[in-house]
Protein chains: 2
Amino acid sequence: MRVVIARCAAQYSGRLTARLDLATRLIIVKSDGSVLIHSDGGSYKPLNWMGPPCSLREVAPSEEAASGGAAALWVIEHAKTEDRLEIEIHEIVSDTSHDLGSDPGLVKDGVEAHLQELLASQMAVLGEGLSLVRREYPTAIGPVDILARGSNGRTVAVEVKRRGEVDGVEQLTRYLELLDRDPLLSPVEGVFAAQEIKPQARTLAEDRGIRCVLLDYDALRGAETGDHRLF
Amino acid sequence: MRVVIARCAAQYSGRLTARLDLATRLIIVKSDGSVLIHSDGGSYKPLNWMGPPCSLREVAPSEEAASGGAAALWVIEHAKTEDRLEIEIHEIVSDTSHDLGSDPGLVKDGVEAHLQELLASQMAVLGEGLSLVRREYPTAIGPVDILARGSNGRTVAVEVKRRGEVDGVEQLTRYLELLDRDPLLSPVEGVFAAQEIKPQARTLAEDRGIRCVLLDYDALRGAETGDHRLF
DNA sequence: AATTAGATCTCGACT
DNA sequence: AGTCGAGGTCTAATT
């Protein structure tokens, strides 16, 4: 990885054309050739970039650019598309390279799939007397996250989301309409379970007779591992 | 902006929990306090990060961490949410700071809106004898980019895209179906105009009797400004 | 402030 | 390899 601090200007053309006027910025050249241009602010998105696979070559700047103060021109071209990034280097403040080796990568926890797993083994959270029929219950329009049966014999379809928004309610509604046509399942109740439920989504769900369940991920995980300590 | 190369491990908790095992990485601390952890690969998204507003404080590592080789612990907390990022610094390879000053930011050009403007004043590009009815012609399912009338009296609906793909053709098709039901407009012809049209999209469009027009942005802009020089 | 739609989206899973 | 859905989405425009 090459890390450069430089006064530079840049031009991108590809899916759009964009321009960066002269300023001091951080330029990162990764070992796969990809390039990131960062300013000292904003969020994690670079001002401009080129993703792999791509190649970087340094060429002499045009006479016009040189008379404007450019010392070098970096041309980065994507290997498969027409994307092209040109960086006019005016002054290099710092230029270092480091061998980082390979990275073990990010290990995630707490995704929707995990919520689903936890819920499947703690069905009581979704309602008293519920028993699991199966997870990812297949239907013609896609799998229902959790299908359960209540003590009253009724079928219960559960949609699990990290953040519950209206489109999740719409999705569950479509499943309910479909499942309710199956005489072996009908009548089917709906449960919308999420760590966070937007007011609009809650209103829509309740208006359609769908019960909302707010999930506490830490509590679910704590119950799972039997680990109730606070930390 | 502080640029650090360090052997580190990290842990994030917030909307999810995630872990980075020990490896050498690039850590960027921006002047607004935000932090990015990059590996030497992938694209512009960091392995882990914290966006502003947030604060970084360096504390002594726990005894356990220290015995594992940690030299320092950076705790980054978001000012408004519960997001929290902890970086265990094991070995600092490089640590430099630079004052980048403010950045003029990215200037975009060639957006769909601009193409639409240019086309609206150069309707001949879309077909002979066309005259503009209006841009962003409203319908129940969304605005049609350009509505025009041909010399033969027929209505023409134009969908403008930078890159023409199948979903753009589908979108135009829906507009055409809707507009064609209006006796004041029917029959309605479709034109799919884009700087680049994918083969799949072209095939689908032509199969539906939709004419495809490949746009030359530079030519459109040149004609607009009356500036025809090559450069 | 809150909501919506677009993104040079990225990223992973699945077909 | 393409397609689909989710994202710690982010970002800007609009209400």
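In what follows, every chain begins at residue 1, and chains take the letters A, B, ... in the order their sequences are listed.
To the nearest angstrom, C1' of dG12(C) lies 15 Å from CG of L47(B). Distance CG (L20(A)) to P (dT8(C)): 13 Å, rounded to an integer number of Å. Across the protein-nucleic acid pair, D103(A) atom CG and dC11(C) atom P stand 13 Å apart, rounded to whole Å. Regarding D145(A), its CG atom lies at a distance of 9 Å from the P atom of dA6(D), rounded to whole Å. Following rounding to the nearest Å, E170(B) (CD) and dC4(D) (P) show an atom-to-atom distance of 11 Å. The nearest whole Å value for the distance from the CH2 atom in W49(B) to the P atom in dT11(D) is 11 Å. The NE2 atom of H78(B) sits 13 Å away from the C1' atom of dC10(D) (whole-angstrom rounding). Taking atom CG of residue L106(B) and atom C1' of nucleotide dT11(D), one finds them 12 Å apart after rounding to whole Å.
Screening D145(B), L126(B), I210(B) against V191(B) for a side-chain contact (heavy atoms from CB on, under 4.5 Å) leaves a single residue, L126(B).
For the pair R15(A) and dC9(C), the criterion of a side-chain N or O lying under 4.0 Å from OP1 or OP2 is met. Contact annotation: K45(B) reaches the phosphate of dG8(D) (side-chain N/O to OP1 or OP2, under 4.0 Å). For K108(A) and dG8(D), the shortest distance from a side-chain N or O to OP1 or OP2 is below 4.0 Å.
Expressed to the nearest 0.5 Å, how far CD of E77(A) lies from CE of M50(A) amounts to 8.0 Å.
Summary of the strand contacts: K80(A) and L85(B) both lie near DNA chain D, and taking for each the nucleotide with the nearest heavy atom, the more 5' one is attributed to K80(A).
In this structure, a donor-acceptor pair under 3.5 Å is absent between the side chains of K45(A) and H38(A). When only modelled atom types and interatomic distance are considered, D83(B) and Y12(B) share a side-chain donor-acceptor pair under 3.5 Å.
Atom name C1', nucleotides dT14(D) and dT8(C): the rounded distance is 24 Å, in whole Å. dG8(D) and dC14(C): their C1' atoms are spaced 24 Å apart (whole Å).
Of the candidates dT8(C), dA6(D), dT10(C), dA6(D) carries the atom nearest the K161(A) side chain, counting heavy atoms from C-beta on. For S43(B), taking side-chain heavy atoms from C-beta onward, the closest of the listed nucleotides dG8(D), dT8(C), dT10(C) is dT10(C). In the set dT8(C), dG8(D), dC10(D), dC10(D) carries the atom at the smallest distance from any side-chain atom of Y44(A).
Within the nucleic acid shown, M50(A) has no heavy atom closer than 4.0 Å to any nucleic acid atom.
For A23(B), the side-chain contact (heavy atoms from CB on, under 4.5 Å) criterion is met by D103(A), P104(A), R25(B), not counting sequence neighbours.
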